[in-house]
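Just below is one structure, and these are the notes that go with it.
Side-chain atoms are counted along with the backbone in the values below, which use heavy atoms only and exclude waters and symmetry mates. On a predicted model such as this, the values are computed, not experimentally measured, just so you know. Chain letters run A, B, ... following the sequence lines, proteins first, then strands; residues in each count from 1.
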Protein chains: 2
Amino acid sequence: MIVRETETPVTVRTGDRILAAARALLAEGGVERCSMRLVATRAGVTPGAIYRHYRDKDALVDRVVELSFERFEIALLRAIAAQPVGSFARIAAMGDAYIAFAEEHEEEFKVLFNPIVTARKRLADLPGHGGYPILRQCIVEAMDAGTIRSTADPDLVALFLWSRVLGVLTLLMTCDFEGEIAFEGTLDPRGLFEATRDLVVDGLAPR
Amino acid sequence: MIVRETETPVTVRTGDRILAAARALLAEGGVERCSMRLVATRAGVTPGAIYRHYRDKDALVDRVVELSFERFEIALLRAIAAQPVGSFARIAAMGDAYIAFAEEHEEEFKVLFNPIVTARKRLADLPGHGGYPILRQCIVEAMDAGTIRSTADPDLVALFLWSRVLGVLTLLMTCDFEGEIAFEGTLDPRGLFEATRDLVVDGLAPR
DNA sequence: ACACATAGTAAACACTGTTTACAGGACAGG
DNA sequence: CCTGTCCTGTAAACAGTGTTTACTATGTGT
């Protein structure tokens with residue numbers, strides 16, 4: 001059994017070129033325009049060569065998504081860094097960063113949280129656990145500071161907030177409320193997210 | 001110009017047979033197993049015949065989705081009928097019905113709110129406007145009854161609640177929190193939805 | 001220099017949605 | 001009756017997809 005110690009640089013480059021091509025094509029025209037032949041052509045290679053570096057298309061797309069999550073975690077950390085620990089602004093900043101990320105990398109985001117295209121992924125397998133620990137910690141800090149009520153389970157609050165952002169994005173990506181709603185202001189994810197923030201803080205019940 | 005008055009019954013039947021086949025295949029194996037050739041075979045017809053009744057695959061799937069929405073509206077009306085007007089239970093029942101519908105018709109639901117597979121659809125074009133008017137009316141009634149605070153825009157509350165249910169479903173369909181969260185009880189959409197209901201009612205702020 | 005594992009290629013395979021040319025039947029009018 | 005038109009369904013092809021196979025260089029280790 002012979003084991004090669006030195007990886008030839010040209011190989012590393014092609015593997016990365018394929019990944020870069022896939023990332024670019026995905027961002028440009030979505031997953032439907034991201035065919036193996038197009039990826040191969042852009043990477044300056046034939047389709048078959050891709051399979052020397054990735055098991056199949058799913059594995060390639062998964063790798064692209066993984067890279068997105070890494071950059072997402074960085075964006076998340078940047079967003080909360082500017083806000084004081086324990087403040088609600090810190091939690092709100094995470095939501096804003098989430099929406100900003102989804103809008104900047106729209107096609108990748110569509111793939112990320114798509115029950116058809118992507119298989120159900122374990123959060124623990126994602127880089128940075130999908131940013132969940134950061135969110136959870138901010139919530140615990142806010143509870144300790146008395147910013148939000150500490151009677152609830154922090155995990156429940158985290159899932160509640162996460163599902164809320166995801167829901168706003170999914171709803172507005174799939175449904176057009178034109179002519180259905182008389183809502184002043186633009187009905188984009190950020191607008192709806194900010195406009196409903198008070199409801200989250202104060203609740204639906206009359207005070 | 002000759003105009004045919006009587007539609008031959010066999011034609012009507014094939015059109016419906018195609019639709020029924022598509023509906024069944026979609027429910028069984030999702031959109032990826034719902035190929036035109038399979039639909040044709042199950043309907044006892046050749047693939048080309050489908051195009052006499054539907055412009056393309058999107059039109060066929062859209063019709064299936066439309067049928068789903070019709071049954072969804074019925075389920076929605078049934079759910080609220082048992083609850084008193086103006087009560088919060090009436091609003092909660094809608095959320096439960098939403099989740100029940102998503103779980104019973106999982107594959108159809110995945111297609112319905114999928115930004116990649118389905119094109120962005122105008123709510124006004126859907127049968128029953130996607131059930132939105134019903135939700136909105138329940139919220140207005142609850143505001144009048146003093147069940148929920150009436151300082152907010154009912155449309156905002158409606159979108160808030162809708163996005164919340166959709167978010168819970170999307171999040172749990174795409175992410176597996178196994179080993180990440182120490183949450184007693186099963187982490188399914190219904191469980192998470194009910195467990196976080198108090199947060200929606202009372203808000204995150206300490207009382 | 002020989003052996004061998006690897007990287008990439010060209011071509012095929014099995015599938016997809018869709019279009020085309022064509023055949024059979026049903027109905028209207030002469 | 002026959003003729004002509006319209007409609008419905010068929011068979012076959014077209015262009016595209018992801019993937020596999022057989023093969024050829026290439027470069028490395030012994």
Side-chain angles (χ1 to χ4, degrees), chain A residues 1-23 25-26 28-65 107 111 114 116-119, chain B residues 1-23 25-26 28-65 107 111 114 116-119:
Chain A
M1 173 94 180
I2 297 171
V3 179
R4 307 231 176 281
E5 297 290 337
T6 58
E7 285 186 356
T8 56
V10 65
T11 294
V12 174
R13 259 193 276 124
T14 48
D16 286 351
R17 277 210 316 275
I18 289 168
L19 189 61
R23 228 164 70 73
L25 281 170
L26 196 76
E28 284 172 22
V31 75
E32 60 264 22
R33 292 273 177 272
C34 183
S35 77
M36 297 301 257
R37 282 171 179 81
L38 268 169
V39 170
T41 304
R42 182 167 294 208
V45 100
T46 39
I50 301 179
Y51 293 84
R52 297 279 172 207
H53 300 265
Y54 302 92
R55 187 167 33 76
D56 54 15
K57 185 176 180 178
D58 278 345
L60 176 58
V61 173
D62 276 358
R63 185 79 194 97
V64 173
V65 166
E107 293 303 331
V111 174
N114 194 301
I116 292 179
V117 177
T118 315
Chain B
M1 171 90 180
I2 297 171
V3 179
R4 309 231 177 280
E5 298 289 339
T6 60
E7 283 186 357
T8 56
V10 65
T11 296
V12 174
R13 258 192 278 126
T14 48
D16 285 352
R17 276 210 317 276
I18 290 168
L19 189 61
R23 227 164 71 72
L25 281 170
L26 197 76
E28 283 172 25
V31 76
E32 60 264 23
R33 292 273 178 271
C34 183
S35 77
M36 296 302 257
R37 281 171 181 81
L38 269 169
V39 170
T41 303
R42 181 166 293 209
V45 101
T46 37
I50 301 180
Y51 293 84
R52 297 281 173 205
H53 300 266
Y54 302 92
R55 189 167 32 76
D56 54 16
K57 185 175 180 178
D58 279 345
L60 176 57
V61 173
D62 276 358
R63 187 75 194 97
V64 173
V65 166
E107 293 303 330
V111 175
N114 193 301
I116 291 179
V117 176
T118 316

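Contact of the B:Leu19 side chain with the B:Tyr54 side chain is registered, since non-hydrogen atoms from C-beta on lie closer than 4.5 Å. Looking at heavy atoms from C-beta onward, A:Val65 lies in side-chain contact with A:Val111 at the 4.5 angstrom threshold. Between B:Thr118 and B:Asp62, some side-chain heavy-atom pair lies under the 4.5 Å cut-off.
Rounded to whole Å, the distance from OH on B:Tyr51 to P on C:dC22 is 21 Å. In this structure, B:Asp58 atom CG and C:dT16 atom C1' are separated by 14 Å, rounded to whole Å. Taking atom CG of A:Leu60 as the reference point, atom C1' of D:dT19 lies 14 Å away to the nearest angstrom. In this entry the distance linking CD of A:Glu32 with P of C:dG17 reads 15 Å, nearest Å. Per the geometry, NE2 belonging to A:His53 stands 6 Å off P belonging to C:dA7, to the nearest Å. The distance from atom NZ of A:Lys57 to atom P of C:dA14 is 21 Å, rounded to the nearest whole Å. Atom pair A:Tyr54:OH and D:dG18:P shows a separation of 16 Å (rounding to whole Å applied). Put simply, CD1 on A:Ile50 is 9 Å from P on D:dG18, counting in whole angstrom units.
Proximity of B:Thr14 to the phosphate of D:dT8: no side-chain N or O atom is located under 4.0 Å from OP1 or OP2. A close approach under 4.0 Å does not occur between any side-chain nitrogen or oxygen of B:Thr46 and OP1 or OP2 of D:dG9.
Checked against C:dG8, D:dT10, C:dA12, the side chain of A:Arg37 finds its nearest nucleotide in C:dA12. You'll find that the side chain of A:Met36 is closest to D:dG18, out of D:dG9, D:dG18, C:dT9. Of the candidate nucleotides C:dT19, D:dT17, D:dT10, D:dT10 has the atom lying nearest to any side-chain atom of B:Val45. Counting only heavy atoms from C-beta on, B:Arg52 has its side chain closest to D:dT8 among D:dT20, D:dT8, D:dA22.
A:Arg63 CZ to A:Arg23 CZ: the interatomic distance, rounded to the nearest 0.5 Å, is 10.5 Å.
Between A:Gly48 and B:Pro47, the one whose closest nucleotide on DNA chain C sits nearer the 5' end is A:Gly48.
Using a 4.0 Å cut-off between a side-chain N of Lys or Arg and a carboxylate O of Asp or Glu, B:Glu28 and B:Arg42 qualify as a salt bridge.
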